[in-house]
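To start, the structure under review is shown below, and the notes come after it.
Note that ligands are numbered from 1 as they come in the structure, with each ligand's atoms numbered from 1 the same way.
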Amino acid sequence: MLGGDWFGRPTGFGEAAWSVVLVSPLIGSFVGVLIRRLPEDRPIAWERSRCESCGATLGIRDLVPFFSWLAQRGRCRFCNARLGWFYPGVELAALAIAVIAAMVDTGTEVWLDCLLGWWLLALGWIDARRWLLPDVLTLPLVIAGLAAALAFDRAGLIDRALGVALGYLALRVIAYLYRKARGRDGLGQGDAKLLAAAGAWVGASALPQVILIAALTGLFAAACLRLAGVRLGAASALPFGPFLALATWLVWLLPAFQV
Ligand SMILES: [Zn+2]
């Protein structure tokens with residue numbers, strides 16, 4: 001405990017807050033591995049990391065978050081190939097999630113904020129890269145949300161169980177209407193399962209906010225891309241998963257959205 005007054009919080013930066021901030025770069029490395037390997041059905045834990053250029057097996061000294069990358073100036077120690085921004089990027093995002101959670105909440109809440117945030121980070125990033133929301137991530141997130149309700153939020157359990165069913169159905173209905181209107185698929189099964197998972201965390205009553213924020217941030221991103229000169233024609237689109245993931249975390253984190 002610092003006893004300090006972070007953003008008006010009387011409790012200061014507590015133990016839970018420091019723990020999540022300290023472990024977040026390691027979690028970020030793991031999330032990076034998930035993002036790379038899950039869509040390709042590669043083993044997650046039982047395969048040593050290798051340089052993607054020369055295939056050299058990487059040791060502990062190559063896998064320390066941030067520091068390895070900085071010490072080697074973003075290059076492979078063996079073949080000097082550029083390692084790219086991917087891993088430090090995911091590690092920074094995981095750290096940012098922990099810092100934001102620690103500023104907003106205290107105690108167990110911080111851990112729940114981070115669990116959900118890191119999970120959604122993996123899902124959103126995979127969807128952005130591959131247009132895919134793997135069932136092995138979305139379905140356990142539904143169960144985790146209901147388990148968290150059972151353990152910490154009994155009063156909200158019914159709302160959150162209802163959120164699973166309504167989240168799934170709502171997105172299937174939107175997808176159906178979209179297909180009728182545009183003559184092609186805009187939203188997939190994965191999006192419906194992700195919104196079901198969102199429902200398991202924020203509850204049925206907060207799902208309209210999730211859909212609204214996801215749609216608005218998605219439109220904003222499309223407008224930014226257009227301003228940057230990227231052509232998004234009628235036949236191309238952005239994956240919806242990253243925006244659903246962001247909206248779910250914001251609504252979970254900020255009670256102001258949960259009317
Ligand atoms: Zn190499």
Original post:
Where does the angle between the aromatic ring planes of W125 and F86 fall among parallel (under 30°), tilted (30 to 60°) and perpendicular (over 60°)?
Top reply: perpendicular

**OP:** Work out how many protein N, O or S atoms lie closer to the Zn ion (ligand 1) than 2.8 Å.
**Re:** 4

Review item, side-chain donor-acceptor pairs of residues 88-104, under 3.5 Å, at least two apart:
residue: E91; atom: OE1; partner: F66; partner atom: N; Å: 3.2
residue: E91; atom: OE2; partner: S29; partner atom: OG; Å: 2.9

Original post:
Can you list every pair that meets side-chain hydrogen bond (donor to acceptor under 3.5 Å, both in side chains) and has a residue in residues 241-254, with sequence neighbours left out?
Top reply: D113-W252

**OP:** Assess the side chains of Y176 and R172: does a donor N or O sit below 3.5 Å from an acceptor N or O?
**Re:** no

Original post:
Taking the six-membered ring of Y178 as reference, does the NZ or CZ atom of R184 fall below 6.0 Å from its centre and within a 45° cone about the axis?
Top reply: no

Original post:
Applying salt bridge (Lys or Arg N to Asp or Glu O under 4.0 Å), which residue pairs with at least one partner in residues 140-161 are found, sequence neighbours left out?
Top reply: D153-R160

